[in-house]
Amino acid sequence: FLLSLKLEKKAEGRLQKQICQVVLDHFEKQYTAELGDAWSSVRDVLTSPWCWQHAVLLNRFSQSPGLESSLAKQGYRPAFPAALPYLPAAFRCYSRTAPGRFPAQKHQPGRLKEYYLLNAASLLPVLALEVKDGERVLDLCAAPGGKSVAILQCACPGYFHCNEYDDLRSRWLEQTIESFIPDPFINLVTVSKLDGRQIGDLQPEFYDKVLVDAPCSNDRSWLFSADPQQAVLRLMQRKELSSLQFQLLR
């Protein structure tokens with residue numbers, strides 16, 4: 001009950017965030033043209049923090065007795081149907097239709113977390129990659145590390161390279177790996193801060209599988225920016241993202 005109250009207060013705090021009108025006006029023009037009639041429903045969710053929620057990806061390397069039954073009692077169900085062409089037995093992810101937030105776990109050095117919170121849709125490319133044991137895998141733009149963690153829930157690569165160019169985000173990635181992967185498996189993981197556009201030339205045809213979660217516009221965060229001037233600058237930078245994304249894919 002106390003946890004429920006805390007979550008409600010936290011959600012109320014998110015609802016009180018002020019929408020940056022400069023950003024919303026920009027989205028109105030762009031997404032009305034791109035999405036047509038669908039934009040109105042997307043807009044409703046984007047501007048309503050109470051509607052946002054995370055799926056719960058369980059960590060196969062951490063014992064969590066009672067967690068799955070607790071999730072079931074709160075209305076969580078498997079996020080992906082068992083009929084998917086490739087769904088590893090160890091891959092356990094839960095979501096629910098009712099709005100709400102599951103509590104996040106804090107980082108504690110030397111202790112593995114039991115689950116990772118993320119958008120269930122972001123796991124689809126991981127499943128589509130169909131990583132097999134022993135393969136050489138590259139996560140090109142890996143921070144904050146959710147997809148890297150998910151890959152290691154699917155299989156045990158022979159070599160796993162997680163790359164993140166940004167220094168701050170790279171430290172975040174390292175912390176995520178430390179929080180979810182036990183020591184024997186960490187030895188298989190290499191974390192680098194290379195320019196992702198150069199890795200293909202440095203190691204041509206080296207990897208069996210490559211995941212490219214290219215830098216995105218992060219619309220949801222910037223919509224609630226408290227600094228309109230910073231938001232305007234971000235909107236200008238946002239226009240250059242498609243070129244960077246193309247170069248990373250190439």
Side-chain angles (χ1 to χ4, degrees), residues 54-65 67-68 79-80 84-94 104-120 122-215 248-249:
H54 291 125
V56 183
L57 176 66
L58 272 54
N59 184 12
R60 70 182 175 115
F61 302 111
S62 176
Q63 298 297 321
S64 50
L67 179 56
E68 287 181 275
F80 302 103
L84 279 178
Y86 182 75
L87 190 67
F91 196 87
R92 296 173 296 160
C93 182
Y94 294 86
Q105 292 181 314
K106 291 184 178 180
H107 172 70
Q108 299 181 51
R111 182 174 179 180
L112 295 181
K113 293 185 178 181
E114 297 174 335
Y115 54 86
Y116 191 95
L117 303 178
L118 77 176
N119 190 315
S122 67
L123 296 173
L124 292 173
V126 173
L127 294 174
L129 206 59
E130 296 190 22
V131 175
K132 305 290 194 303
D133 289 348
E135 288 183 324
R136 291 175 294 191
V137 181
L138 167 63
D139 190 350
L140 188 68
C141 313
K147 291 184 178 67
S148 297
V149 168
I151 285 172
L152 290 168
Q153 305 304 311
C154 295
C156 179
Y159 178 75
F160 190 26
H161 182 180
C162 300
N163 182 71
E164 176 54 52
Y165 182 66
D166 182 84
D167 187 61
L168 180 62
R169 288 174 60 82
S170 181
R171 291 199 294 272
W172 189 2
L173 170 63
E174 289 176 344
Q175 188 179 87
T176 300
I177 296 294
E178 179 187 334
S179 294
F180 285 91
I181 311 303
D183 288 337
F185 287 89
I186 282 184
N187 295 333
L188 301 175
V189 180
T190 297
V191 178
S192 67
K193 293 187 287 186
L194 301 171
D195 185 335
R197 295 169 291 186
Q198 299 174 0
I199 293 179
D201 292 327
L202 294 171
Q203 298 176 300
E205 300 184 29
F206 177 78
Y207 299 98
D208 299 301
K209 304 282 175 67
V210 180
L211 180 66
V212 185
D213 182 17
L248 289 168
L249 289 169

Parallel, tilted or perpendicular, judged at 30° and 60°: which one describes the rings of Tyr159 and Phe206? perpendicular

If I take atom NZ from residue Lys113 and atom OG from residue Ser64, how far apart are they, to the nearest 0.5 angstrom? 14.5 Å

Looking at Phe91, I'd like to know if its CZ atom is crowded, meaning that more than 12 non-hydrogen atoms belonging to other residues, nucleotides or ligands lie closer than 6.0 Å. yes

Would Leu211 and Val137 count as a side-chain contact (heavy atoms from CB on, under 4.5 Å) if you check the C-alpha gap in whole Å, the side-chain angles of each, and the deciding distance to 0.1 Å? CA-CA 8 Å; Leu211 180 66; Val137 181; 5.9 Å; no

Under 3.5 Å, which donor-acceptor pairs link side chains of residues 180-193 to any protein atom two or more places apart or in another chain?
from, atom 1, to, atom 2, distance (Å)
Ser192, OG, His161, NE2, 2.6
Ser192, OG, Asn163, OD1, 2.6
Lys193, NZ, Asp167, OD1, 2.7

Does Ser122 reach the main-chain N or O of Asn119 with its side chain, forming a donor-acceptor pair under 3.5 Å? yes

Just checking, any donor-acceptor pair under 3.5 angstrom between side chains of Gln153 and Tyr116? no

Quick one: OG on Ser179 to NZ on Lys106, what's the gap to the nearest 0.5 Å? 13.5 Å

With a 4.5 Å limit on heavy-atom distance, are the side chains of Asp166 and Trp172 in contact? no

I want to check something: taking the side chain as every heavy atom from C-beta on, are Tyr165 and Leu194 in contact at a cut-off of under 4.5 Å? no

List the atom of Val126, the atom of Cys154, and the distance in Å for their closest heavy-atom pair. CG1-SG, 4.1 Å

Which residues satisfy the salt bridge (charged side-chain N to carboxylate O under 4.0 Å, His left out) test with Glu114, sequence neighbours excluded? none

Could you check whether any side-chain heavy atom of Phe160 comes within less than 4.5 Å of a side-chain heavy atom of Arg136, counting everything from C-beta outward? no

From Glu164 atom CD to Thr176 atom OG1, the distance as rounded to the nearest 0.5 Å: 10.5 Å

Starting from the C-alpha separation in whole Å, work towards a yes-or-no answer on side-chain contact (heavy atoms from CB on, under 4.5 Å) for Cys93 and Leu123. CA-CA 9 Å; Cys93 182; Leu123 296 173; 3.5 Å; yes

With a distance cut-off below 6.0 Å to the six-membered ring centre and an angular limit of 45° from the axis, does Lys132 pair with Tyr86 as a cation-pi contact? yes

Show, in sequence, the C-alpha distance, side-chain angles and deciding distance for Leu248 and Cys141, and conclude whether the side-chain contact (heavy atoms from CB on, under 4.5 Å) test is met. CA-CA 9 Å; Leu248 289 168; Cys141 313; 3.9 Å; yes

Hey, mind stepping through Glu178 and His107 against side-chain contact (heavy atoms from CB on, under 4.5 Å) and telling me if it holds? CA-CA 9 Å; Glu178 179 187 334; His107 172 70; 3.7 Å; yes

State the CG-CG distance between Leu173 and Asp139, to the nearest 0.5 angstrom. 7.5 Å

